[in-house]
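Just so it is clear, the values below take in all heavy atoms, side chains as well, and ignore hydrogens, waters and symmetry mates. In what follows, chains carry the letters A, B, and so on, assigned in the order in which the sequence lines appear, proteins first and then strands, with residues in each chain numbered from 1.
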Amino acid sequence: MNNRRSFFQLLSEKPWEQSQITEDNNHNGKTLNLTKANLGVRSIITVNCIFFSLFIVAYADRMFIHDWQTIPKPLLLWLNTFVLFLSSIFFHKAKVYSDLQEFQKVKISLSVIGFLSALFIVGQLIVWKKLMNLGYFFNSNIANSYFYLFTTLHVMHLLGGLFFWKNITFKIFYKNYTMLNIQSSIKLCAMYWHFLFLVWLVLFGLMLNS
Amino acid sequence: MSEDYNKFKLEAKSSEMLNDENTSSIKIQDTESEVPEQDLYHPKSFITKWIFCQDAKVIGIQYSITAIAIGLVALVLSWLMRLQLGFPETFSYLTPAGYYQFVTMHGMIMVVYLLTALFLGGFGNFLIPLMVGARDMVFPYVNMISYWMYFIAVIVLVSSFFVPGGPTGAGWTLYPPQAITSGTPGSNGGIALMLISLSLFVIGFTMGGLNYIVTILQGRTRGMTLMRMPLTIWGIFTATVLAMLAFPALIVACIMMTLDSLLGTSFFMPSMVQMGEHLKYGGGSPILFQHLFWFFGHPEVYIVALPAFGIVSDLISVHARKNIFGYRMMVWAIVIIGALSFFVWAHHMYVSGMNPWFGFFFATTTLIIAVPTAIKVYNWVLTLWRGNIRLNIPMLFSLAFIITFVNGGITGLFLGNVIVDVPLSDTYFVVAHFHMVMGIAPILVIFGGIYHWYPLITGRFLHEGMGKFHFWVSFLGSYAIYFPMHYLGFIGVPRRYYEMYNSPYIPTSAQGLNAFITVAALIVGFAQLVFLYNIISSIRLGKIAEKNPWQACSLEWQTEYVPPRHGNFGKKLPIVYRWAYDFSVPGAKQDYIPQNVPPSEVPEARTEKT
Amino acid sequence: MIVAIIFFLVVVGSVVFHIFTPWWWTPIASNWGGIDDTIVLTFWITGLVFIAIGLFVVYCVWKFKYQKDRRSEYKPEDSKLEFRLTLITTLGVAALLAPGLIVWNTFVTVPKDAYEIEVLANQWSWSYRLPGKDGKLGKTDIKNINDKNPFGINKEDKNGGDDILVQNGPLHLLINRPVKVLLRSTDVLHNFYIPQFRAKMDMLPGSVTYYWFEPTRLGEFEVLCAEFCGTGHYAMKGKVIVDKKINYNNWLAQQTTYVQSLAKVNANIKQVVKLTK
């Protein structure tokens, strides 16, 4: 029953010894004190972390080569960042409200999140358009390539998140779903949203400083 | 049946809730997370039961069939290559471009689409829920998507044979710049399809891997601690963790190279002059791709090897009627090998032109990894010591695995030692080494595993005579192919050569050896056809197997029905009272005690003493 | 019984094959005997392990064959034995690694008296550039490459003018003199490999890699490309001739420098222009 053992303690158990057998027979078959969905989302976030860090490593390796030409960062990018930040805040609020079971407020927050996310995506597209008008195309310099690649990948991950946001919103508006279940879904979705905001901060920060 | 199933599902759940009584927080969270699973279950028609199926066992079989089917393509490609190498004058149907395309496709199919998919997708899906005592994977729907992503990846891969220019011929390592420039076959459509297919594979695999990890960590039955799991599960679990951490490197490399190839960016492409023409690329680093590729590529070796280690441990233990020797050490070795495998990748790049001083670091880490690997070998052979060895076909394959694995592992010590790698890299020594250690050895385990679990899947045994024929030809034949091949490497015969012509330093007898290898390869290939026939015909004609025919302890044999039905176990999930290796316990009447037998039923057995 | 015998034959057969094999190293022609020695040492250590494990398996299969009335020993683990085995393995691995790293250290440390030459690879041929009278190679850049300047020599660099260019010809090397080969590629990855010299290294477009060796045997040797480089990879061969000082100097005197080759090309062009007029 004791789930709090460290990994190393766990691995040094001798499962054939009588004392250990008595202890093990009461084990509930879970290693971590998390729901399955929670562990699932955490795993996905871990994989994503590696995915983006490898891109960052590649970027850092490349940015010191002499042919690097910095791409301008329009003011709109800062605005987009703020919009994404707001959507993250609202997701936090949605989570708090759902814990308090104030589902009317949850509905409002979720709607705002949808609006803000759409705004963010449109904003990113406008940034693209602006840059292209200025002559910064995808393959004209490697810095541009990275900029377009990073923004695309980030938006794609956001779209993935919006898929789950859509499921939750649909359920809460049209289906009388069990409260416990929707609470945990909102919590996990909020976690992912904060993660995506962090990813954007890191990528944006990196691109500003190169 | 589904009604029945729902009933016992509900009952089982209530019993699960009882289990969780003392941790109330878990109880609540758990019930909520299980609710949606219920809706997903009913297979209503043929399509939902056998095609878009969410039962991990069926998905495992789907994975296996697809993997074996695409593996057969790779087998045929290897014959065509071998004919060219063994009898260059007789068979002149193959152009150099065709040869390189076949080499590339053979390698990529075998490593990724056959071995990875079969071990994790096939064995993993079939065995994980059964062995940890779960009704199914925790996210069955995602699991189904995972298989279909894999299927599409395979289709995209195959479609590259039919685009203008054919499939890519850049070697399975796909090094830029040559992979996407015009001097290499398949540099137009072929390489792009290959990269897309790999990306799809990675996405699909990540979904599957999510299932394996969460099921093993959180979905086990009552009493199943981590240290009571069979080593098969440990192997698959660690391999999945490695895959989840290593595959991002592959997909990152694939994305960037696809863009280089299709949109003309220069992530990996340096300035270059090809055939007197300045290309528009510039500034990219080919070495960066190699780092990314091998950061995936080396763990990939262990993604294949660790499940094989796990499975073979269980086969040896069951058929030697003895607990696996040094279980804890075996688990540690798996975990340590997994962790170390992320610090050795550049040993594939000793002569790549990277900073030569890296050689010191990577040679050291590489040779350190030999220590836990050697311990695994010792423990396998020590399990045989004073065992009661039944020479069933799975056992024969396990013994053959030990010999080939030791042989291939040892040549790894040559190549890992940086200075020895200098003359041997890019020669046939490397080809022989990796075929022995990650081709033949894991495939022998796959065969052993299929002979072992076939009675569980179908309720019948595979034909014994054909099995013995298959075993001896495969083992002795493949050994005869790859053991002498090392010596071609000593001569200095480089790999990836369409033809050697008459290089003055290569003795003419080497051509004789090449011809011999080709003949052996054709014979071994033929034996695989016998094996396939055996698999298909035994579904109906095989000898009927009683329940738990090998008298194993682990849970997959303790299901209510054989073959296990949807939901795996009976009305109640089994409760585990012991580790998976209670063979020949002193005092017990039988020489095995299944994991779900409570101590009260075997009062005479004393399990004390270490 | 039969199983044990066949496995025994496999183990013993491998050893016998190793002893009597007709296929072995191409005789060495450089200073890298240390590499061969390390391989021999590795063979001894790992060979003993292979034989020991193989024979142990054979013994177990023969001795502990299934009998109905017999039980296996019940012994989950033996920490002492496992510790000892770990220790022995670690020592064995260290014994392989230490000499290997020592030889690697000499491999990556180029001696000061080594003379430099450059090997330039492209799909699918080899060219060579040797420093002229000033003893220095001129700077290069892939961007400078054109028909007149196949090596991409930087025109502003004074050292480049007298560089000796060897295209389509065999490369000559001095016997018993350490040489540092600088490796360049204009298009894709290649690898400059001569089996008798043991050493090899990839060539990367955009950077210069290197290794060094000392030819110790006179004669003609074949150059191979050892990194897959496209359809013509298998046919990318060249020749290296190891010479005594006199022959080497004779050969060197016959080669053209960069400036001379430029003049020749210009003359040719003028001729062509004349003819077309």
Side-chain angles (χ1 to χ4, degrees), chain B residues 96-97 171 175 177-178 183-185 270-274 286 321-323 326 329 351-353 356 359-360 367 370-371 374-375 378 381 384-391 402 406 410 413-414 417-420 422-423 426 487 490-492 494 496-499 503 505 509 584-586 591 610, chain C residues 3 14 21-26 35 38-39 42 46 50 53-54 56-57 60-61 64-66 70-74 76-77 82 85-86 89-90 93 96-97 100-101 103-104 107-108 123 142-143 145 186-189 195 198-202 204-206 209 222 224 226 228-231 234:
Chain B
Y175 281 176
Q178 47 261 58
T184 307
S271 319
M272 53 190 278
V273 180
Q274 199 178 30
R321 315 305 302 153
K322 193 179 163 201
N323 60 64
M329 205 69 146
V351 296
S352 71
F360 291 100
L367 289 217
V371 177
I375 287 169
Y378 301 148
V381 297
L384 298 174
W385 174 252
R386 293 189 181 156
N388 203 7
I389 302 170
R390 289 179 176 164
L391 288 173
I402 295 177
V406 169
I410 276 171
L413 288 170
F414 285 71
N417 203 349
V418 52
I419 190 67
V420 180
V422 170
D426 292 307
Y487 293 83
F490 279 120
I491 297 173
R496 291 174 174 167
Y497 265 43
Y498 164 69
E499 193 171 31
S503 278
Y505 72 97
S509 60
S584 308
V585 178
D591 69 348
T610 42
Chain C
V3 176
S14 307
T21 177
W23 303 292
W24 197 232
W25 287 316
T26 305
I35 297 182
T38 317
I39 295 182
T42 315
T46 57
F50 176 74
I53 291 175
F56 189 82
V57 169
C60 289
V61 171
F64 304 111
K65 209 172 158 4
Y66 186 75
R70 202 165 58 83
R71 280 288 178 90
S72 304
E73 185 189 38
Y74 185 82
E77 67 177 24
E82 284 168 280
L85 286 172
T86 313
T89 315
T90 314
V93 163
L96 295 178
L97 185 62
L101 291 186
V103 183
W104 176 249
F107 186 79
V108 297
Q123 283 172 331
I142 286 187
K143 287 187 182 114
I145 293 179
T186 63
D187 40 37
V188 299
L189 307 179
R198 300 293 186 261
K200 64 163 78 83
M201 189 59 73
D202 275 10
L204 297 161
T209 54
E222 193 175 40
L224 302 161
F228 173 74
C229 59
T231 317
Y234 67 100

- Task: Start with the C-alpha gap between C/Trp104 and B/Val422, add the side-chain angles, then the distance that decides, and say whether side chain to side chain contact (heavy atoms under 4.5 Å, CB included) holds.
- Result: CA-CA 9 Å; C/Trp104 176 249; B/Val422 170; 3.7 Å; yes

Residue from C/Leu96, C/Thr38, C/Thr90, C/Thr209 scoring the most non-hydrogen pairs under 4.5 Å with chain B is C/Leu96

Turns out that what part of B/Leu391 lies under 4.5 Å from chain C's heavy atoms comes down to side chain

Honestly, the part of B/Pro286 sitting under 4.5 Å from a heavy atom of chain C is side chain

So, the part of C/Phe56 with a heavy atom under 4.5 Å from chain B: the answer is side chain

When every non-hydrogen atom of B/Arg321 is compared with those of C/Tyr66, the smallest separation belongs to CG-CE1, 4.2 Å

Heaviest contributor of heavy-atom pairs below 4.5 Å to chain C, chosen from B/Ile375, B/Leu384, B/Ile491, is B/Ile491

Chain C shares the most heavy-atom pairs under 4.5 Å, among B/Pro270, B/Ala370, B/Gly326, with B/Gly326

Of C/Leu224, C/Thr86, C/Val57, the largest count of non-hydrogen pairs under 4.5 angstrom with chain B goes to C/Leu224

Comparing B/Ser509, B/Pro356, B/Ala374, B/Gly387 against chain C, the one with the most heavy-atom pairs below 4.5 Å turns out to be B/Gly387

May I have the step-by-step check of side chain to side chain contact (heavy atoms under 4.5 Å, CB included) for B/Phe414 and C/Thr46, ending in yes or no?
CA-CA 9 Å; B/Phe414 285 71; C/Thr46 57; 3.7 Å; yes

Whatever's closer than 4.5 Å to a heavy atom in chain B on C/Leu97 counts as both

Cut-off 4.5 Å, heavy atoms of chain C, and the answer for B/Ile402 is side chain

When the 4.5 angstrom heavy-atom criterion is applied to C/Glu73 and chain B, the contacting part is both

Comparing C/Met201, C/Lys200, C/Arg198 against chain B, the one with the most heavy-atom pairs below 4.5 Å turns out to be C/Lys200

Quiz item: Ignoring hydrogens and geometry, is there a side-chain-to-backbone donor-acceptor pair from B/Ser271 to C/Ile142 under 3.5 Å?
Solution: no

Counting heavy-atom pairs under 4.5 Å with chain C, the top scorer among B/Gly492, B/Gly171, B/Ser584 is B/Ser584

Run the ring-centre check on B/Tyr497 versus C/Tyr234 and record whether the distance is less than 6.0 Å.
no

Pair count under 4.5 Å, heavy atoms only, with chain C: among B/Val406, B/Val418, B/Thr184, highest is B/Val418

Bottom line for C/Ser14: the part with an atom under 4.5 Å from chain B's heavy atoms is both

Counting heavy-atom pairs under 4.5 angstrom with chain B, the leader among C/Val61, C/Leu189, C/Leu204 is C/Leu189

Honestly, the part of B/Pro177 sitting under 4.5 Å from a heavy atom of chain C is both

CE of B/Met329 to CG of C/Leu85, rounded to nearest 0.5 Å, is 8.5 Å

Spell out, as yes or no, whether a donor-acceptor pair under 3.5 Å connects the side chain of B/Arg496 to the backbone of C/Cys229. no

Most contact-rich option vs chain B, by heavy-atom pairs under 4.5 angstrom, among C/Gly206, C/Cys60, C/Pro22, C/Gly54, is C/Cys60

NZ (B/Lys322) and CZ (C/Arg71) are apart, to the nearest 0.5 Å, by 14.5 Å

Whatever's closer than 4.5 Å to a heavy atom in chain C on B/Leu367 counts as both

For the backbone of C/Phe64 and the side chain of B/Asn388, can you confirm whether one donor and one acceptor N or O come within less than 3.5 Å of each other? no

Show, in sequence, the C-alpha distance, side-chain angles and deciding distance for B/Met272 and C/Thr186, and conclude whether the side chain to side chain contact (heavy atoms under 4.5 Å, CB included) test is met.
CA-CA 6 Å; B/Met272 53 190 278; C/Thr186 63; over 6 Å; no

When rounded to the nearest 0.5 Å, the distance separating CZ of C/Phe50 from CD1 of B/Ile410 is 6.5 Å

* Could you go step by step and tell me if C/Val93 and B/Val371 meet the side chain to side chain contact (heavy atoms under 4.5 Å, CB included) rule? -> CA-CA 8 Å; C/Val93 163; B/Val371 177; 4.3 Å; yes

Note: C/Ile39 and B/Pro423 closest approach over all heavy atoms is CD1-CG, 4.4 Å

Q. Are the side chain of C/Thr231 and the backbone N or O of B/Gly183 linked by a donor-acceptor pair below 3.5 Å?
A. yes

- Are C/Trp23 and B/Phe490 close enough that their ring centers fall under 6.0 Å? no

So, the part of C/Phe228 with a heavy atom under 4.5 Å from chain B: the answer is both

Honestly, the part of B/Asp591 sitting under 4.5 Å from a heavy atom of chain C is both

Residue set satisfying side-chain hydrogen bond (donor to acceptor under 3.5 Å, both in side chains) with C/Asp187, at least two apart, ordered chain then number -> C/His190

Would you please say whether a donor-acceptor pair under 3.5 Å links the side chains of C/Thr89 and B/Tyr378? yes

- What class does the angle between the rings of B/Tyr487 and C/Trp24 fall in, given that below 30° is parallel, 30 to 60° is tilted and above 60° is perpendicular? tilted

Heavy-atom closest pair (C/Gly100 atom, B/Ile419 atom, distance to 0.1 Å) is O-CG2, 3.3 Å

Honestly, the part of B/Tyr175 sitting under 4.5 Å from a heavy atom of chain C is side chain

